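Just so it is clear, the structure is predicted and the values come from calculations on it, not from any experiment. Each chain gets a letter, A, B and so on, in the order its sequence line appears, and its residues count up from 1.
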There are 2 protein chains.
Amino acid sequence: MAQAACLWQGSKRELGFSGAVAVSVFSEVSSNDLVTQIARQITEAIVAGRLKPGERLTELQLSREFGTSRAPVREAARLLESQGLVTFSPRRGFFVRTLEASDLRDIYELRIGLELHAASLAVERATDKDIELLERQMRRLYDMADADSIEAQIFEDFAFHRMLCMASGNARLIRVYDEIAMEMRAGITLIGKLYDDPHRMAETHEPIMSALRDRDGERLREALRYHIAVARDAVVALFEETGGVI
Amino acid sequence: MAQAACLWQGSKRELGFSGAVAVSVFSEVSSNDLVTQIARQITEAIVAGRLKPGERLTELQLSREFGTSRAPVREAARLLESQGLVTFSPRRGFFVRTLEASDLRDIYELRIGLELHAASLAVERATDKDIELLERQMRRLYDMADADSIEAQIFEDFAFHRMLCMASGNARLIRVYDEIAMEMRAGITLIGKLYDDPHRMAETHEPIMSALRDRDGERLREALRYHIAVARDAVVALFEETGGVI
DNA sequence: ATAATGTCGATTGTCGACAATTGACACTTG
DNA sequence: CAAGTGTCAATTGTCGACAATCGACATTAT
């Protein structure tokens, strides 16, 4: 339904590439892998809200839109299923995942556990460069507030928290964090409405940075817990208020 | 290579089923889904050590052994990749994941964060039934110790910790825990050697149960942290000692 | 002898086709 | 009129085939 043709832009031949000159000069020559590209496009369509929760994903239709056969689409869809973005019902197909309020609560609760654990580790292991990167990310949050671009600010907000996790130095933790971050982003357009003033959204990160700078683990955890709990309560409330998605 | 024919037993027609009489009397009629079955079998082969880390998984060979075409095998392999059990190299194929000592450290470190968070929640939310189930699981640990079955005891140990996570009441947390548990199990045959006396292995769970019974969050977290950290250090040490896998 | 180059088999990436199953609609029957 | 039944289009599950690509081996030049 709808004008599906413009759901995704760009074809599978998006990076024209002529030839290699030396080794490891070019970054990721092989961004091929149709499956990955398809998965990325569907993911983007979901988190951007172009695909509505509960909507059925028909293999044939998707394959037609991507100009491929069904095989890569199936594999991409299964990938997304393992990430929790879509559900899969045998013999019925794939559907964009619908989130209940309880799901949101679970996700944010899990995020608190993960991120506080990451923070505890980061306090001990964060390098000066890690902190410098986070400081820069803070400035970017303010820049996006100035630019009044809600979407961009949300993106940078995610980047900030991801950097914090990276400072933990635990690769597995980041992998898991990325997974639930993907789930959070599915209902993320909500968050844009949480902060009337974009600057306030940026400012709420200050206590976190402050505690990290001082390497004060207890304060950092408490600041983070408060920061995330506020977001959680607001998201859940707004979610229940609007009676579901979008 | 090797006698691959007996890596997996059972065919895709393992559950002969005649007809339905009423509704929701039979559990999971559709355990079909070749992909799931294949994924499960490969998983089992990996955690059981029949497939060695680093070993290449050839689609054609796997499909021949399962008696299917390559398509379901590919999808199953991608599923396992998203779970971290196998790695995928474009144009090269799938390989059983190799674990470094640092990976094990990361996994156990993450497990500490997850399980302690689960414990914090469980202290407040665990029902009497949850605790009863855990008590029963404790007895099972001792039973397996009596039976002197290391493998079975490891299995029950996992079940115990999983139950603890379930008592948290957070579905997402369990999903994530299952993922990293899968990764832990990949190098799990190690753990069998950690405890000379199987009874001691069972006993190390007592402080955890005790703290949970008393709903003492701080004591529970501390008992768990110690319990897991001991396992982590022992596993890593044994891992580095044997210079790798198996 | 060593390094670069060319060739070839093996394996993956993708495709189109066919059988099996589902859900919906129309139809029959009490 | 309601409940059950039969039929059918749409969609998934699986397959075999072909082209593209990679790694290994043989070959050649320096």
Find every protein N or O atom lying less than 3.5 Å from an N or O atom of nucleotides 10-13 of chain D, and list the pairs.
unit_1 : atom_1 : unit_2 : atom_2 : d
D/dT12 : OP2    : A/E59  : N      : 3.4
D/dG13 : OP1    : A/R91  : N      : 3.1
D/dG13 : OP2    : A/R74  : NH1    : 2.6
D/dG13 : OP2    : A/R74  : NH2    : 3.3
D/dG13 : O4'    : A/R91  : NH1    : 3.3
D/dG13 : N7     : A/R70  : NH2    : 2.9
D/dG13 : O6     : A/R70  : NH1    : 3.0

The salt bridge (Lys or Arg N to Asp or Glu O under 4.0 Å) partners of A/R232 (sequence neighbours excluded) come to none

Across all chains, not counting sequence neighbours, the side-chain contact (heavy atoms from CB on, under 4.5 Å) partners of B/S69 are B/A71, B/P72

Applying salt bridge (Lys or Arg N to Asp or Glu O under 4.0 Å) to B/E81 and not counting sequence neighbours gives none

Across all chains, not counting sequence neighbours, the side-chain hydrogen bond (donor to acceptor under 3.5 Å, both in side chains) partners of B/Q153 are none

With sequence neighbours left out, the residues meeting side-chain contact (heavy atoms from CB on, under 4.5 Å) with B/A119 are B/L220, B/L224

